[in-house]
Amino acid sequence: MARAADPARALHVAFSIAETSFDPAFASDAASDAIIENVFDSMLDYDYLARPVKLVPRALAAMPTVEDGGRSYLCRIRKGIYFTPDPAFKGKPRELTAADFAYGLERVLDPAVKSPWLWLLAGRIVGGDAARERAAKTGHFDYDTPLPGLEIVDRYTLRIRLTAADLRFPYALAVPNLAAQAREVVDEYGHDIGAHPVGTGPYMLGEYRRSARIVLVANPGFRDTRYVPTGPIPAASEPIAKALAGVRLPQVGRIEISIIEEGQARWLAFLNGEIDTLDQLPPDFVDQALVDGKLRPKLAARGIVHDVLIRPNTYWTYFNMTDPVVGGYTREKIALRRAIAMGYDVGTLIRVLLKDRAIPANGPIPPDIAGYDPTLVTQAQVYDPAAARALLDRFGYRDRDGDGYRETPEGKPLTLERWSTPGSASRQGDELWKRDMDAIGIRIVFQQGKVPDLRKMARLGKIQMRGDGWNADYPDAENFMQLLYGPNAAEENNARFDLPQFNRLYEEARTLPDSPQRTRLFDRMTELAVAYAPWRLTVHLFEDSLHQPWVSDYVPHPMRSENWMFVDVDPHERAKRR
């Protein structure tokens, strides 16, 4: 069967957070990235069904050719791929070329873009750091002078030269935020480029009401794409592979996305059939949906399907290491952060708030990633309020005025300020933090804001404490350790942790192939992260997803959050069951 995407087939989904931008080089939140990975093309992608996950070509004609032992990659772009029509193209068809990928990479390097994805390229592309330094001095990134590390060999071939051999660099080429972009589109929309995504992917932006509603429509000019398995497929996914055989992708003609931040509202919308998939079951409703980790019979009887995804992820509360209250590298500041960590009850978080749909995190590296150690136990991350109180006493954090709350060693008021998002789940989280900090004599207050605003504040160093987390962009420990790498402080290192010893270990690990030696470096980095406590590690989450009986060919992927082009919807079945 080779039918094109049917406009009558619409997939209805909901995001729990609002988008920030559809500019690949600038956006970094899950909502924005879900749109980006469906509108734009990266060079590489992941096989939809293969497990373990496996890289495959997306906009490339074949996997990159590795040259010079991993110091250079030759990337051949598939011919005949076109951008969706846009006024910036003056009515002419616009083919994807090697220059568009070079431009997309250069925008990440441009200091004016303030890309949170710079860590993927900083120090790696030959000439990239020098170009950034010139741009910082002149206030203008020179896009017209070719970088030696981004050689456009011909119209369809790009050679990427690295400063050092890196056999994991292909993972970066699968990150949607390093997608190709057309320079004339960016020039046309300027600072508003984030609201005008123009790509070559399976979908294009149809309707858009900021922070409320997003509609994607199938790209009518999308190249002929069929699913061809390239690796081992679990037995449970074999029927889906069979159903997808020969089917032209994407299958559905519209993706209708609502922004529904409150968990109860998302849950009710799913029960009422108003949304077709619930990618992450809100913790407050786990007991209504599951019993002993299995879908409740009454929901199964409705044809609802439950999937459990062990996505590589880690969650924590970070401390701003430049903050005058909780930051710093002196012994008393380290002791304060350790005491806070030991005073916080992750067991209650998992049991009560998360309904046992998580396991404790004892380091930055999650399960299924090389370097994860389930046996690691560190006192600084174990709930022990008595030890926390003793540590605070030892380092001079005492209650001097008898109000029940401690002051700093200098006798100044000690108040923690933790930021969170609106909603019942966040309120419950704040209540747990208040209970636990009261128990060790530390005053804590709470501020709230929407995720896009909080991310902007964090990059500017304006947040003292906040809970956050990370889903793997690629299956390697480096992807998690970069969150504590000092030069990333203005990007994804929201703790602004900058420890020279940690930085050196990270840089050394980037140059090594997968090996016990490299794993030992990550072990040492974990020890340093726990010792200096820029994070209070909390959990690795299970992701329970539900989808309606009229949704087919749906499989959660450990690396890709929204594989919409593979999913199908039966509108007749929907009408019959609703």
Side-chain angles (χ1 to χ4, degrees), residues 16-17 261-263 282-284 313-321 323-327 333-362 378-392 397 399 403-408 413-451 453-455 457-458 462-470 494-495 530 533-541:
S16 61
I17 61 172
E261 295 182 345
E262 186 61 52
D284 285 353
N313 65 58
T314 304
Y315 285 78
W316 59 84
T317 282
Y318 64 79
F319 302 100
N320 181 350
M321 295 294 285
D323 181 81
V325 177
V326 299
K333 293 302 182 70
I334 295 171
L336 174 61
R337 293 191 298 272
R338 287 188 179 184
I340 294 169
M342 288 190 289
Y344 181 67
D345 187 358
V346 168
T348 295
L349 169 68
I350 293 174
R351 187 178 62 258
V352 178
L353 274 63
L354 300 177
K355 311 296 184 184
D356 286 321
R357 305 308 291 159
I359 59 173
N362 56 11
T378 54
Q379 181 61 32
Q381 296 283 332
V382 171
Y383 176 55
D384 190 340
R389 288 189 290 267
L391 186 61
L392 291 167
Y397 294 93
D399 177 11
D403 66 350
Y405 292 107
R406 300 172 185 268
E407 282 74 46
T408 69
L414 172 61
T415 301
L416 305 181
E417 182 182 75
R418 187 175 188 273
W419 287 78
S420 59
T421 55
S424 62
S426 292
R427 286 193 298 272
Q428 292 174 28
D430 291 346
E431 289 168 3
L432 178 59
W433 270 99
K434 178 74 167 69
R435 186 204 74 176
D436 288 349
M437 293 302 98
D438 280 352
I440 62 173
I442 294 181
R443 179 182 283 106
I444 185 168
V445 298
F446 303 93
Q447 303 284 354
Q448 291 189 336
K450 292 183 178 293
V451 169
D453 297 329
L454 297 181
R455 291 192 181 279
M457 291 173 62
K462 293 183 177 180
I463 288 181
Q464 185 190 91
M465 293 172 60
R466 182 181 168 236
D468 209 346
W470 191 264
N494 291 335
V530 171
W535 291 351
R536 195 321 175 191
L537 289 152
T538 54
V539 299
H540 307 298
L541 281 178

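Because only heavy atoms are used, hydrogens play no part in the values below, and waters and symmetry mates are left out as well, while side chains stay in.
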Straight-line distance of D284 CG to L353 CG, nearest 0.5 Å: 7.5 Å
Side-chain heavy-atom pair T348, R435 within 4.5 angstrom cut-off: yes
Reported CZ-to-CZ distance for the pair R427 and F446, which is rounded to 0.5 angstrom: 13.0 Å
Student check: side-chain heavy atoms of S16 and E261 closer than 4.5 Å: no
Contact summary for M465 and I463, nearest pair of heavy atoms: O-CG2, 3.4 Å
From W433, Y383, F319, residue fulfilling ring-ring contact (aromatic ring centres under 6.0 Å, His included) relative to Y344: W433
Non-hydrogen side-chain atoms of T408 and L336 separated by less than 4.5 Å: no
Option passing side chain to side chain contact (heavy atoms under 4.5 Å, CB included) with R443 (candidates T415, L416, D438): T415
Non-hydrogen side-chain atoms of R351 and D356 separated by less than 4.5 Å: yes
D430 and R418, any side-chain heavy atoms less than 4.5 Å apart: yes
Atom of G423, atom of E262 and distance for their closest heavy-atom approach: CA-OE1, 3.3 Å
Non-hydrogen side-chain atoms of L537 and N362 separated by less than 4.5 Å: no
Check: R466 side chain, N320 main-chain N or O, donor-acceptor pair, under 3.5 Å: no
I340 side chain near T317 side chain, heavy-atom distance below 4.5 Å: no
Side-chain (D323) to main-chain (Q464) donor-acceptor, under 3.5 angstrom: no
